[in-house]
2 protein chains.
Amino acid sequence: MSTKTIQEIRAFNRFYTDLIGLLNKHLLNSDYSLSEVRIMYEIHTAGEAQASQIMAAMDIDKSYLSRILKKLEKDQLIARKASEQDGRAVVLSLTKAGEDLFQELTRATEQQIGGLVNHLNTKQQEELVAHMQAIRKILQGNL
Amino acid sequence: MSTKTIQEIRAFNRFYTDLIGLLNKHLLNSDYSLSEVRIMYEIHTAGEAQASQIMAAMDIDKSYLSRILKKLEKDQLIARKASEQDGRAVVLSLTKAGEDLFQELTRATEQQIGGLVNHLNTKQQEELVAHMQAIRKILQGNL
DNA sequence: TAAATTTAGTGGACTTTGTCCACTAAATTG
DNA sequence: CAATTTAGTGGACAAAGTCCACTAAATTTA
């Protein structure tokens, strides 16, 4: 592969790192960090999840995760119950309050993204999405 | 804009966040953090830079930046000299050792990216780059 | 042109985020 | 059933980042 190719990819990476950084800033006003929200996302998406699954999905330290889960439970955003299949494992789910908060954070994120693209016309938006899908398809083996 | 559009963008953001996280992992073995390397990048690219420029480019806290610059100077990777135009400002540049280290880190990063795309054929690589350029072009007003 | 404000950078003190290790207990493997 | 692996917790610490107060130079403004 050419140097040019790699340089272009790196330029995109810098660009997108900055963009993601910008988007994630709105979490600074919330009481929850990016990791915490991502954990809620994982639980929300799975419906029920074990810590070990989240660990794998996020590639996060289990000790760190354990602490975050403790905080989320203290805040009554998640519930834990013993797994029936595995005595070591704990099954996590979002409480009503957790779902509510998650929805609210989701709305805020969606508004942010709206702000990013609302000056684009429909065709440009469709193209943007198509490029994103294409990139995911090309690179997805790497994750 | 449609919900679908926003969902797709969010899916891409999650995907690319993970990918960037993966790529940045190689820095864990180095003695320098992502921020430190990015600062070196900014100085390298500019040739000479003031702290305030880096601050603006990276959107980083000035106090934090000041500390990092101190470390880089201690490690003899950057040199500071008083600005001639502005008595408050300091002009930063990479030393030979700084350039050398930066080149080495660059090579490592490029190899990482190579690993990401080297299983793709030339056409796919070109398409990937084209998609990235297109996204940058569409979104660049936001940065 | 002198006072008021802004800008560049530093450093103290602190919080948040993340890592490493040792540990318990249950599950799995041999 | 002994040895190993896996799930999760918690202590102790390190790294990353923030907030505030400060000095000194530059710029604005009255």
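Convention: sequence-line order gives letters A, B, ...; per-chain numbering from 1. From a predicted model like this one, the values you see are computed outputs, not experimental measurements.
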Assess, by modelled atom type and distance only, whether the side chains of A/Thr109 and A/Thr106 contain a donor and an acceptor separated by less than 3.5 Å. no
Anything under 30° is parallel, anything over 60° is perpendicular, the rest tilted; go ahead and classify A/Phe12 against B/Tyr16. perpendicular
Name every residue in residues 19-37 of chain A that has at least one heavy atom under 4.0 Å from any atom of DNA chain D, in order of residue number, or write none if there are no such residues. none
My understanding is that only residues two or more places apart in sequence, or in another chain, count here; which of them pass salt bridge (charged side-chain N to carboxylate O under 4.0 Å, His left out) with A/Arg38? A/Glu42, B/Asp18
Check A/Val90 against A/Arg80 and note the closest heavy-atom contact, atom names and distance. CG1-CB, 3.4 Å
Atom pair CG/CG of B/Leu143 and B/Leu139 - distance to nearest 0.5 Å: 8.5 Å
Lys/Arg N to Asp/Glu carboxylate O, B/Arg136 vs A/Glu8, below 4.0 Å: yes
Given DNA chain D, 5'-ward residue of the pair B/Leu65 and B/Lys62, judged by closest heavy atom: B/Leu65
Axis-to-axis angle for the helix from C/dT1-D/dA30 to C/dG30-D/dC1, ends of five pairs each, to 10°, equals 30°
Residues which pass salt bridge (charged side-chain N to carboxylate O under 4.0 Å, His left out) with A/Glu36, listed by chain and number, not counting sequence neighbours: A/Lys71
DNA chain C: first to last nucleotide in contact with chain B (atom under 4.0 angstrom from a heavy atom), 5' to 3', is C/dT7 to C/dA13
A/Lys25 NZ to A/Leu34 CG distance, which is reported to the nearest 0.5 Å: 14.0 Å
Between atom CD1 in B/Ile68 and atom C1' in D/dA16, what is the gap in whole Å? 8 Å
Judged by each residue's nearest nucleotide on DNA chain C, which is more toward the 5′ side, A/Asp61 or A/Gly87? A/Asp61
Working to the nearest 0.5 Å, report the span between OG1 of B/Thr95 and CZ of B/Phe102. 13.0 Å
To the nearest Å, how far apart are B/Tyr64 OH and D/dA15 P? 11 Å
Is it the case that atom CD in B/Gln103 sees more than 12 heavy atoms from other parts of the structure closer than 6.0 Å? yes
If you measure from OG on B/Ser30 to CG on B/Leu105, what distance do you get to the nearest 0.5 Å? 5.5 Å
How many angstroms lie between OG1 in A/Thr5 and CD in B/Glu126, if you round to the nearest 0.5 Å? 7.0 Å
d(CZ, A/Arg88; P, D/dT4) in whole Å: 17 Å
Backbone of B/Lys62 reached by a side-chain donor or acceptor of B/Ser66 within 3.5 Å: no
Selection: residues 47-56 of chain B, any non-hydrogen atom under 4.0 Å of DNA chain D: none
Base, sugar-phosphate alone, or nothing: which one does B/Asp86 contact when heavy atoms must sit under 4.0 Å apart? sugar-phosphate
